[in-house]
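Quick caveat, the model's predicted, so the values are computed rather than measured. Naming: A, B, ... by sequence-line order, numbering from 1 per chain.
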Amino acid sequence: MNGISSAFWDLLRPQAALAVGALAVLAAGASRRASLQVVKGLALAAVVVALLLLMTVRLQVVCLPLLRSDLLGSGLQAVFLSAAIPLLCLMEPADEVPPALVLGSLIGMGLIAVSGNLLMLFIGLELMSVPAYLLVARSRSPQALEASVKYFFAGGTASAIYLMGMALHFGAAGSLVLAPAPGPAGAAGLALMAAAAFFKLGAVPMHFWLPDVYEASDPELAGFFSTGLKAAAVLFLARLAPMAAPAGALVPALAWFAVLTILFGAVVALRQQNLQRLLAYSSISHAGFMMLAVAAWAKQGLAAPAAGALFFYLAAYLFMSGGAFLWLKAAGVRTRAELLGLAKARPRDAAVLAALLLALAGIPPTAGFAAKFLVFWEAFKAGLYAPLLLAGLGALISLGYYLGLIRDMYFDEAGPEPAKAVGPTPARWFALGCAAASVLLGLTPWLMDWFRPGMFGLRP
Amino acid sequence: MSGVVWSVSAALFLLGLAGVALRRQLLAMFLGLELMVLTAALALGCTASLSGRGEGFVAALLVLAVAAAEAVVGLVLILRVRSSGRPAETQSLRELKG
Amino acid sequence: MSSLPPAALLLFLAPLAALAAAFFIMRPWKPQWTHVPILISCGVVTAAAAYLAAMVYTGRGADVTLYTWMFAGKWSVPFGVRIDGIGVSVLCMVALVGALIQLYSVGYMKGDPGFSRFIMLLHLFYLSMIGLLVSNNYVQFYLFWELVGACSYFLIGFWSHKEAARKAAMQAFLTLRLADFGLMLAVLLIIVQFRDTHFALFHAVRFFPSMYHPLIGLLILWAAAGKSALFPLYFWLPDAMEGPTPVSALMHAATMVTAGIFLLVRSWPLISAVPGLPGLIAVVGAVTAIFAAVLAFTQTDLKRILAYSTVSHLGLMAFAVGLGQITAAVFHLVTHGFFKATLFLCAGNIAHASGKSAVSVSEVGGLWRRMPLTFAAFAIAAFSLAGIWPCAGFFSKDAILDAAFERGGWAWAAGLAIAAASAAYIFRMLFLTFFGPRPEQSPARSLHEAPPVMAVPVAFLALGALAVGWAREDLVAMLFCGRQSAVAAPSLPELAPKVAAAGLGLAALAAGVVFALTMGAPSWDWHWRRRRPGLAAAFAGDLGWRRVVAGFVARTLRVADVVGRVWDHETWDAAIEKTATACRALSRGGSAMASGGLSESLWWLMIGAAALLAWAGLR
């Protein structure tokens with residue numbers, strides 16, 4: 001019993017650090033003497049401490065009544081904790097509440113990462129989402145409230161659907177442990193819970209909240225949603241994967257929803273003018289690739305290399321997509337028209353964005369290419385040939401807007417609305433770092449192995 | 001007995017779903033949402049008492065707590081829509097699209 | 001064996017560091033000093049190459065894969081270094097000749113507004129050729145091959161204000177693309193057939209007959225023909241003279257055209273296993289050599305003569321490869337590097353002195369008094385090219401002639417014809433330029449000798465053109481050291497007096513005849529040109545081959561036009577257009593689905609959940 005409880009605390013240590021940090025943030029805010037910089041610093045420190053504590057979690061698969069840990073979970077936990085760092089550095093809150101909300105959301109994501117039980121998963125899901133609704137509402141855009149209300153109702157419906165699925169599962173299996181449930185009730189329960197996961201990922205046709213939220217949020221917050229929240233949603237889906245039999249109906253459904261998501265996101269992104277909305281659709285398309293990776297992983301009976309590909313995709317996506325949103329913050333650009341002829345006016349900014357876009361498009365030798373390559377290879381091994389082909393088509397279509405943006409910057413004359421506003425310097429550094437990382441990670445994909453040696457077999 | 005539980009739950013859940021999907025007032029939609037969540041809690045609790053597994057009661061209790069937190073956020077958002085001078089209906093939330 | 005000598009790393013690190021220093025420090029600070037780090041790097045690279053040669057000579061080769069980029073299953077993209085006899089012998093020549101040419105170009109391009117850009121491009125060119133020579137697999141080889149092509153494109157078109165330079169660069173680029181495409185296909189086929197692109201596959205693989213194998217060989221020949229300007233694809237090289245002279249020297253001697261021959265030599269185990277392919281290479285080489293030599297004899301522009309002579313010598317090397325004497329081919333590659341670089345730089349001296357970018361043999365004459373050093377260097381290199389003892393060219397050409405003699409028949413005849421013709425055109429050039437002046441030429445009064453920074457490299461290169469052949473035994477010994485491939489290269493035959501005498505005699509005879517023709521009282525060289533303008537035009541048009549090519553291009557374009565109109569416009573374009581239209585329509589539709597209504601989006605959410613539920617139910 002002692003051993004179990006010590007393992008229990010091991011897994012909860014990062015979440016505990018975040019909770020202490022959140023309380024400290026609220027206390028500091030209430031004391032009126034501490035400035036907002038101190039508040040932000042406290043929040044940042046909590047995230048860094050959580051990250052360090054996460055690194056000390058022993059590398060083993062632990063299964064407890066409520067909690068479990070595995071390599072994918074701790075890997076993705078590192079991804080979403082890292083995604084919060086630029087957000088906490090760059091956000092300009094009016095009071096101490098938003099940093100505390102970010103920490104609360106991170107606690108929820110952390111619970112998803114370590115949950116071994118459907119109820120725990122639900123609590124994590126809600127703890128992650130409810131602060132997110134409020135964070136959107138506190139953005140500066142005039143449409144922030146509208147986006148927040150839409151997000152709330154859609155998210156609430158998805159939560160209710162998940163709960164119903166959970167109840168069905170409980171009825172069928174008599175337990176809330178993450179294990180397959182017998183009978184039609186079990187299958188229906190799993191389908192409903194998967195629907196909630198699809199919603200969180202922004203899978204088509206449950207994606208309508210996503211472009212609205214990304215467009216109305218501040219760029220750094222949208223970047224966090226597109227990387228951190230996405231990683232947590234993928235993890236949520238991955239936690240459900242063991243409940244589906246590898247030969248069951250849900251795995252092909254997952255693959256085909258993935259294809260639909262990839263194609264739909266790529267096609268609709270073609271005509272977007274608002275860059276945050278364009279990146280939102282691009283994020284939907286990328287979520288499709290992540291779903292494909294989950295499908296390949298489930299189809300192969302949860303094989304480690306496929307989990308490695310999934311992890312690599314999200315780690316690469318952290319830099320590519322996070323960098324793109326941070327670039328929007330740094331460059332003060334909002335619409336596509338402002339990009340015209342940017343390469344002449346601001347060559348350095350243009351070069352950074354071009355690198356990020358090439359990575360998002362998956363052009364070798366960037367991290368985007370390595371990530372897509374790994375996912376395609378795993379899907380190929382899993383025998384998902386037709387979805388693979390269509391996913392390739394989606395990647396081709398997506399070149400239309402990624403390369404289109406580069407063309408706008410480099411080969412067009414300056415338009416009627418040249419971008420002049422320039423954002424804060426730290427954002428520029430973050431964007432530059434992300435661009436550098438997304439190129440470097442493509443040249444040295446095995447660097448990811450350094451994070452957890454030998455974990456994913458990324459080294460030959 | 002369990003058939004009765006599931007029939008009632010399904011009926012209540014679909015009622016809540018219909019409320020969310022068909023009503024235009026945000027507050028009414030919110031009630032539908034709450035109905036769905038409470039139905040799930042009800043199903044959990046009933047199943048637990050029928051099968052004699054206490055886990056379901058715990059789950060139902062926690063679900064209620066979480067739902068209360070969510071309800072606060074939802075009500076705040078609806079109030080803010082009201083205070084921004086718009087009617088609290090779906091019609092006033094159509095700016096983000098495309 | 002498995003550890004990598006640090007000198008091999010220097011081959012990459014020194015140029016990269018020099019380029020970085022030049023770009024980030026020198027260019028913004030003192031652009032006229034850009035050459036300083038680059039020349040230092042040239043020295044380091046040359047020293048490293050010499051060290052590696054010594055290492056290989058003592059029997060220690062290396063083949064190390066430094067880095068594996070991507071892999072999937074058994075297939076991967078490695079980056080490695082292979083230090084063996086074949087690579088290092090060419091590497092030494094390229095490093096030394098390239099370094100001297102870069103030193104020369106510092107003097108030649110001094111004061112040019114694009115000086116720092118030029119010198120950096122030149123160094124990148126040098127770096128990519130070195131990378132190509134020490135690659136240990138086909139994928140890496142292909143990458144450097146493309147890089148070499150891209151650098152040559154920028155350098156040929158360096159004076160982009162000149163229309164002709166832009167056109168020549170474009171022509172070279174397009175022709176090379178055609179060749180590169182062949183290499184790309186070959187590499188893909190190699191991957192398909194062998195699942196491995198490492199050159200070591202030639203150690204292990206017992207070549208079994210397969211469908212792809214002859215195709216791979218043919219594609220490699222095609223790629224080499226494009227890069228090394230062999231017969232059907234040679235025409236880009238003479239036109240590539242529009243770049244600055246050091247570029248021509250570098251391209252012809254060291255860094256560009258030799259890549260094709262090197263590819264043939266590297267792939268020799270693969271090529272020799274295809275029946276009939278070596279014979280084809282020999283024929284292509286012989287035809288190229290004779291054809292280009294005849295054309296060189298009729299040209300008047302100094303650089304064009306040399307360009308055709310390069311084509312001719314590349315043909316000779318391919319001829320040697322085709323006869324199975326890859327040792328002789330590499331040997332000739334090395335000696336040719338020295339004498340051809342000397343010749344080009346001498347031509348550059350003359351052009352620099354006369355202040356023009358193109359000088360014709362019918363304009364200047366009697367230069368030996370004005371430019372004694374240039375004359376001496378040119379004479380040595382010319383003797384070397386003509387294959388006259390004791391210059392370097394004698395030994396290498398003799399080895400090839402010997403192989404031709406062994407084969408007998410048409411090969412022997414072709415070999416002798418090449419020997420005679422190359423002596424003829426180079427002595428014509430020597431006599432016309434440096435002797436005289438003839439009354440038809442303008443007296444070269446204003447010309448002066450080159451400054452030391454240009455004269456010293458020329459002197460060194462001439463020394464090489466004179467003496468490299470004496471190292472024959474050592475070079476041959478080295479070629480067989482280090483990592484060898486499964487199919488052994490033949491060793492060089494001993495000097496056969498009969499063959500040497502035949503070659504020398506023919507060369508001397510040709511020299512005598514040429515002297516009579518050019519320096520005789522009414523010079524025949526001007527005479528026939530005036531008497532037979534049609535013939536002169538025919539020669540200027542490469543005996544009609546240019547017209548054939550132009551006609552072929554035009555006809556292809558016309559056919560392509562017709563096909564294009566039917567297929568492209570009506571089928572393909574329409575399909576693309578339709579796809580794009582469909583994408584746009586879908587995009588509009590998808591966008592319209594996001595109508596902004598909250599209820600609609602919730603309906604879609606429920607539809608999605610229902611679909612999943614139905615899917616689970618249909619199991």
Please find the pair of heavy atoms, one from [X] and one from [Y], that lie closest to each other, and give the distance.
X: B:Ala43; Y: A:Ala167; value: CB-CB, 4.0 Å
X: B:Thr47; Y: A:Gly171; value: CG2-CA, 3.5 Å
X: A:Leu176; Y: B:Glu55; value: N-OE2, 3.4 Å
X: A:Gly156; Y: B:Leu33; value: C-CD1, 3.5 Å
X: A:Ala160; Y: B:Met36; value: CB-CB, 3.6 Å
X: B:Ala59; Y: A:Leu119; value: CA-CD2, 3.6 Å

Check: How far apart are the C-alpha atoms of A:Val149 and B:Ile78, what are their side-chain angles, what is the distance that settles it, and do they pass the side-chain contact (heavy atoms from CB on, under 4.5 Å) test?
Finding: CA-CA 7 Å; A:Val149 172; B:Ile78 292 170; 5.8 Å; no
In Å and rounded to the nearest 0.5 Å, what is the [atom1] to [atom2] distance from [X] to [Y]?
X: B:Glu70; Y: A:Ser129; atom1: CD; atom2: OG; answer: 8.0 Å
X: B:Leu62; Y: A:Glu126; atom1: CG; atom2: CD; answer: 12.0 Å
X: B:Glu95; Y: A:Gln143; atom1: CD; atom2: CD; answer: 4.5 Å
X: A:Ser148; Y: B:Leu93; atom1: OG; atom2: CG; answer: 10.0 Å
X: B:Leu44; Y: A:His169; atom1: CG; atom2: NE2; answer: 11.0 Å
X: B:Ser92; Y: A:Leu145; atom1: OG; atom2: CG; answer: 9.0 Å

Non-hydrogen atoms of chain A under 4.5 Å away: do they reach the side chain of [X], the backbone, both or neither?
X: B:Leu26; result: both
X: B:Val20; result: side chain
X: B:Arg94; result: backbone
X: B:Leu35; result: neither
X: B:Ala48; result: both

Is there side-chain contact between [X] and [Y], with heavy atoms separated by less than 4.5 Å?
X: A:Met164; Y: B:Ser9; result: yes
X: A:Phe153; Y: B:Thr90; result: no
X: A:Leu127; Y: B:Val66; result: no

Per-residue contact mode, [X] against chain B (heavy atom under 4.5 angstrom):
X: A:Gln273; value: neither
X: A:Phe208; value: neither
X: A:Asn117; value: side chain

Margin query: Quick check for you: among A:Gly174, A:Ser175, A:Ala137, which has the greatest number of heavy-atom pairs under 4.5 Å with chain B?
Written below: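 Counting heavy-atom pairs under 4.5 Å, the top option is A:Gly174.
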Note to self: For the interface with chain A, which of B:Val37, B:Val58, B:Leu17 has the highest count of heavy-atom pairs at distances below 4.5 Å?
What the structure shows: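 Highest number of heavy-atom pairs under 4.5 Å: B:Val37.
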Notebook entry, point to check: Which is it for A:Thr157 and B:Met29 under the side-chain contact (heavy atoms from CB on, under 4.5 Å) test, yes or no, and what are the steps along the way?
Noted result: CA-CA 10 Å; A:Thr157 311; B:Met29 291 168 71; over 6 Å; no
Check: Quick one: does B:Lys97's side chain have a donor or acceptor within less than 3.5 Å of a partner on A:Asp212's backbone?
Finding: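 No; zero donor-acceptor contacts below 3.5 Å.
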Check: Is there a side-chain contact (heavy atoms from CB on, under 4.5 Å) between A:Ile161 and B:Phe13 once you walk through the steps?
Finding: CA-CA 9 Å; A:Ile161 289 175; B:Phe13 189 80; 4.2 Å; yes
